[in-house]
Amino acid sequence: MRSRLGLSLLFLAASACASEHGYTVEFVGDPQYRAPSGPERYEAEVARALATVSEWDPANLSEQLADSDVVFVGKVLEVGPSPGFGVSGWAGPAWQPVLYEVEDTWKGRLPQKFVVVSYPLWDESPLVRMDPIRLNPQVWRRGAERIVWAKLDSEPYCGNYGHLGFVAPWDLPGPLPLTDAMRALPEIQATCLAARLSLPTPEQVAWLDREVGMFVHIAPQTWQDSEEDDLSTPLSAIDPAQLDTDQWVSVAESMGARSIVFVAKHEGGFCWWQTDTTDFSVKGTPWRGGKGDVLADLSRSCAKRGMKLGVYISPQDKKHGVGGGGKCKDPAKQGEYEALFRAQLTEVLSRYGEMSEVWFDGSLVFDVSDVLRQHAPHAVVFQGPSATIRWVGNEDGIAPDPAWNGARYDPKTWGNLTSADGDPNGDRFLPNECDARIRATWFWKTNNESTLKTVEQLVDMYERSVGRGAVMLLNVTPDRSGRMPDADAKRAAEFGAEVRRRYGKAIAETSGDGDVVELTLPAMTTIDRVLAMEDVAKGERVRRYAIEAIVDGKPGWTTLATGTSIGHEKIDRIDPVRVLAVRVRVLDVAARPAIRRLAVFDTRRSSR
């Protein structure tokens with residue numbers, strides 16, 4: 001096994017060590033990193049290694065380099081002398097100056113001939129999970145001009161290995177300070193660093209772009225004035241005679257939703273589609289003579305209006321004696337229920353057009369990934385072993401700040417992760433969904449219209465869900481007639497109108513890559529919101545940022561807000577202030593920032 005010594009050197013607390021040969025190494029990096037044996041050991045190792053620097057035979061180094069399968073932007077012309085950290089378990093030096101000839105692709109971006117002093121980085125090392133931009137430009141004073149990344153083998157990204165290198169002229173005049181650190185080849189840097197980020201699927205990106213969805217709950221509970229089905233309602237009582245899915249879609253549109261998630265089966269087990277698996281379904285009701293199918297109606301309504309459709313199918317099923325997650329109280333019946341549930345899932349995913357979202361509320365104790373792959377390959381999945389989105393962890397429609405999209409995969413816990421498990425360095429992308437209720441309950445009740453949330457409460461929820469990089473799923477429930485009550489529909493429309501008034505059109509906006517993205521306004525203008533978006537298709541890269549502005553009457557740049565995650569979207573609420581320019585300055589990143597949008601608003605006035 002190759003030693004981690006050289007890698008560990010890069011991450012210890014700031015301290016310098018020099019030798020008579022003029023090489024200087026400074027210990028820099030993440031202050032939270034602690035080597036197992038402590039920094040003193042590594043300082044001693046560096047001092048010893050630098051004290052024994054010698055001229056290495058270029059021929060031997062060339063042969064050794066060939067064994068390492070280095071692939072870079074050019075071909076090796078010559079391998080030069082190395083300071084040669086002696087590393088046990090791996091013959092030869094760790095640092096190798098290598099002369100390359102630039103391939104045509106890179107001509108004009110680098111000198112025709114240049115040097116890369118590089119050290120191999122492998123998956124087990126801390127460095128591949130850290131941010132090389134944190135590295136102080138004085139890490140290595142070997143006349144280097146720029147820091148770049150290379151890759152090994154023929155992988156389309158860094159693969160299992162990577163090389164952190166310092167580009168320098170071949171004829172080094174002596175120790176020189178580094179300049180333009182990590183800026184010489186942003187394309188290489190972004191590609192290789194991004195290989196260490198968790199990346200979303202196209203479906204996850206599209207789901208995040210929808211930002212707002214509408215949840216629809218209707219079940220026997222609607223006739224019980226209850227949140228849980230006690231199985232007391234006879235099917236003969238369930239007759240939503242005025243059920244109108246076109247009206248549902250209209251309500252969703254009015255509130256700015258781009259998708260509807262319909263609860264086709266809640267925990268009681270009642271099914272709103274023409275299922276072949278149970279009599280506890282719409283078939284046994286008087287509605288449309290037992291021939292009605294809410295999923296079929298809603299699918300047609302959504303298709304007419306371009307609304308995405310998702311389905312909630314509860315793994316719990318009281319009618320069949322099944323508990324949370326689809327776990328049977330009687331283990332002997334587990335196999336039978338799993339077959340029934342798989343049949344139900346197949347029905348709802350194969351008969352009603354493409355589903356954009358599938359909900360397994362309470363997670364799922366068995367695997368249905370084959371059904372999902374076959375019938376809903378482009379759906380995002382809420383909870384369960386195949387989860388690609390997660391519950392935020394509350395029913396208030398509020399994401400925490402920060403709300404990281406990354407998470408660490410563990411098959412035992414994956415389906416139950418919440419925003420509390422967010423990890424910016426997680427190995428999978430698992431964005432947050434914030435479900436919430438327009439009333440105090442999920443199901444319509446006869447006596448709680450007074451609990452309708454105010455427009456201000458709903459907009460605050462929006463700014464703390466969508467405005468923290470999550471998707472807001474707001475429940476608007478039909479009453480026993482099958483229609484959304486007028487008061488609920490009106491409040492949903494008022495909410496959508498207010499969001500459009502505030503955020504429908506920015507005062508000004510821009511986009512850009514790099515640590516600083518600046519937006520200049522045509523004149524001094526009052527703002528009270530700054531919205532930033534990352535291009536999350538490239539990964540969630542920003543780790544810490546500041547919103548700064550040229551403020552009326554103040555010299556230089558003034559900090560208006562600071563934060564950690566940006567992700568899909570971040571809305572910073574600030575006190576009203578007159579500004580001439582605004583910028584997002586990225587203070588800590590995992591790869592070159594890609595700011596998809598930087599926009600400013602004054603939410604106190606109407607959109608222009």
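In this chain, numbering begins with 1 at the start of the sequence shown. In this text the structure is predicted, and so the values were computed from the model without any measurement.
Between S465 and M472 the shortest heavy-atom distance is OG-CB, 3.5 Å. When all heavy atoms are compared, the tightest approach of R408 to L417 is O-CD1, 4.1 Å. Scanning all heavy atoms of the two residues, the minimum distance from R468 to A399 falls at NH1-O, 2.7 Å. Of all heavy-atom pairs between V251 and A492, the closest is CG1-CB, 3.9 Å. The heavy-atom pair separating A506 from R597 by the smallest distance is CB-NH2, 4.0 Å. Minimum heavy-atom separation, D401 to S565: OD1-OG, 4.4 Å.
When only modelled atom types and interatomic distance are considered, D572 and Y545 share a side-chain donor-acceptor pair under 3.5 Å. There is no side-chain donor-acceptor pair under 3.5 Å between T526 and D602. Remark: the Y503 side chain and the E498 side chain contain no N/O donor-acceptor pair separated by less than 3.5 Å.
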Please tabulate, for side-chain N and O atoms in residues 378-389, each donor-acceptor pair with protein atoms closer than 3.5 Å (sequence neighbours left out).
{"unit_1": "H378", "atom_1": "ND1", "unit_2": "E203", "atom_2": "OE2", "d": "2.8"}
{"unit_1": "Q383", "atom_1": "OE1", "unit_2": "G362", "atom_2": "N", "d": "2.8"}
{"unit_1": "Q383", "atom_1": "OE1", "unit_2": "S363", "atom_2": "N", "d": "3.1"}
{"unit_1": "T388", "atom_1": "OG1", "unit_2": "V381", "atom_2": "N", "d": "2.8"}

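In this structure a side-chain-to-backbone donor-acceptor pair under 3.5 Å is present from W391 to N394. Without hydrogens or angle criteria, R541 side chain to A590 main chain gives no donor-acceptor distance under 3.5 Å. Panel note: side chain D515, backbone V586; no donor-acceptor pair is recorded below 3.5 Å. Looking at R258, its side chain does come within 3.5 Å of a backbone N or O of R210 through a donor-acceptor pair.
In this structure, Y409 OH and R428 CZ are separated by 5.0 Å, a value rounded to the nearest 0.5 Å. Once rounded to the nearest 0.5 Å, the distance linking OG1 of T510 with CG of L598 reads 7.0 Å. One finds the CZ atom of R491 at 12.0 Å from the OG atom of S254 (value rounded to the nearest 0.5 Å). T559 OG1 to I574 CD1: the interatomic distance, rounded to the nearest 0.5 Å, is 11.5 Å. Atom-to-atom distance recorded for I547:CD1 and W557:CH2 is 10.5 Å, nearest 0.5 angstrom. Here the CG atom belonging to D435 is positioned 9.5 Å from the CG atom belonging to D396, to the nearest 0.5 angstrom.
Looking only at side-chain heavy atoms (C-beta outward), D427 and S198 stay at 4.5 Å or farther from each other. Between V551 and L560, some side-chain heavy-atom pair lies under the 4.5 Å cut-off. E518 is not listed as a side-chain neighbour of R585, based on a closest heavy-atom distance of 4.5 Å or more. In this structure, the side chains of E357 and W359 come closer than 4.5 Å at one or more pairs of heavy atoms. You'll find the side chain of I595 stays beyond 4.5 Å of the side chain of D535, heavy atoms only. Taking the side chain as every heavy atom from C-beta outward, K453 and F495 never approach each other to under 4.5 Å. Two residues are said to be in side-chain contact when any heavy atoms from C-beta on lie closer than 4.5 Å; C302 and V249 meet this criterion. Contact of the L309 side chain with the L298 side chain is registered, since non-hydrogen atoms from C-beta on lie closer than 4.5 Å.
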- Task: Could you go through the side chain to side chain contact (heavy atoms under 4.5 Å, CB included) check for V261 and M214 one step at a time?
- Result: CA-CA 6 Å; V261 176; M214 187 173 79; over 6 Å; no

- Message: Before you tell me yes or no, could you show the steps for R543 and D588 under salt bridge (charged side-chain N to carboxylate O under 4.0 Å, His left out), namely the whole-Å CA-CA distance, both residues' side-chain angles and the distance that decides it to 0.1 Å?
- Response: CA-CA 5 Å; R543 297 291 183 264; D588 193 6; over 6 Å; no

- Task: Show your working on salt bridge (charged side-chain N to carboxylate O under 4.0 Å, His left out) between D460 and R573 and close with a plain yes or no.
- Result: CA-CA 11 Å; D460 177 71; R573 301 190 277 197; 2.9 Å; yes

- Item | Evaluation steps, side chain to side chain contact (heavy atoms under 4.5 Å, CB included), between E548 and T558 | CA-CA 5 Å; E548 300 171 335; T558 298; over 6 Å; no

- Message: Does V212 form a side chain to side chain contact (heavy atoms under 4.5 Å, CB included) with L474? I'd like the steps, not just the answer.
- Response: CA-CA 8 Å; V212 177; L474 181 63; 5.6 Å; no

- Task: Given side-chain hydrogen bond (donor to acceptor under 3.5 Å, both in side chains), test S250 with R305 step by step and report yes or no.
- Result: CA-CA 9 Å; S250 294; R305 310 280 276 272; 2.8 Å; yes

- Query: Can you list the steps and then say if T418 with V392 is a side chain to side chain contact (heavy atoms under 4.5 Å, CB included)?
  - Reply: CA-CA 5 Å; T418 69; V392 73; over 6 Å; no

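Among residues two or more places apart in sequence or in another chain, the salt bridge (charged side-chain N to carboxylate O under 4.0 Å, His left out) test is passed with K490 by E494. Every ring pair (Phe, Tyr, Trp, His ring centres under 6.0 Å) that W442 has, sequence neighbours left out, goes to F215, H217.
A side chain to side chain donor-acceptor pair (under 3.5 Å) with H568 holds for exactly one of Q204, E534, E211, E540; it is E211.
Between F262 and Y312, the ring centre distance reaches or exceeds 6.0 Å.
A 6.0 Å sphere centred on CG of D575 holds no more than 12 heavy atoms belonging to other residues, nucleotides or ligands.
For E456 and R502, the salt-bridge test passes: some basic side-chain N is under 4.0 Å from an acidic carboxylate O.
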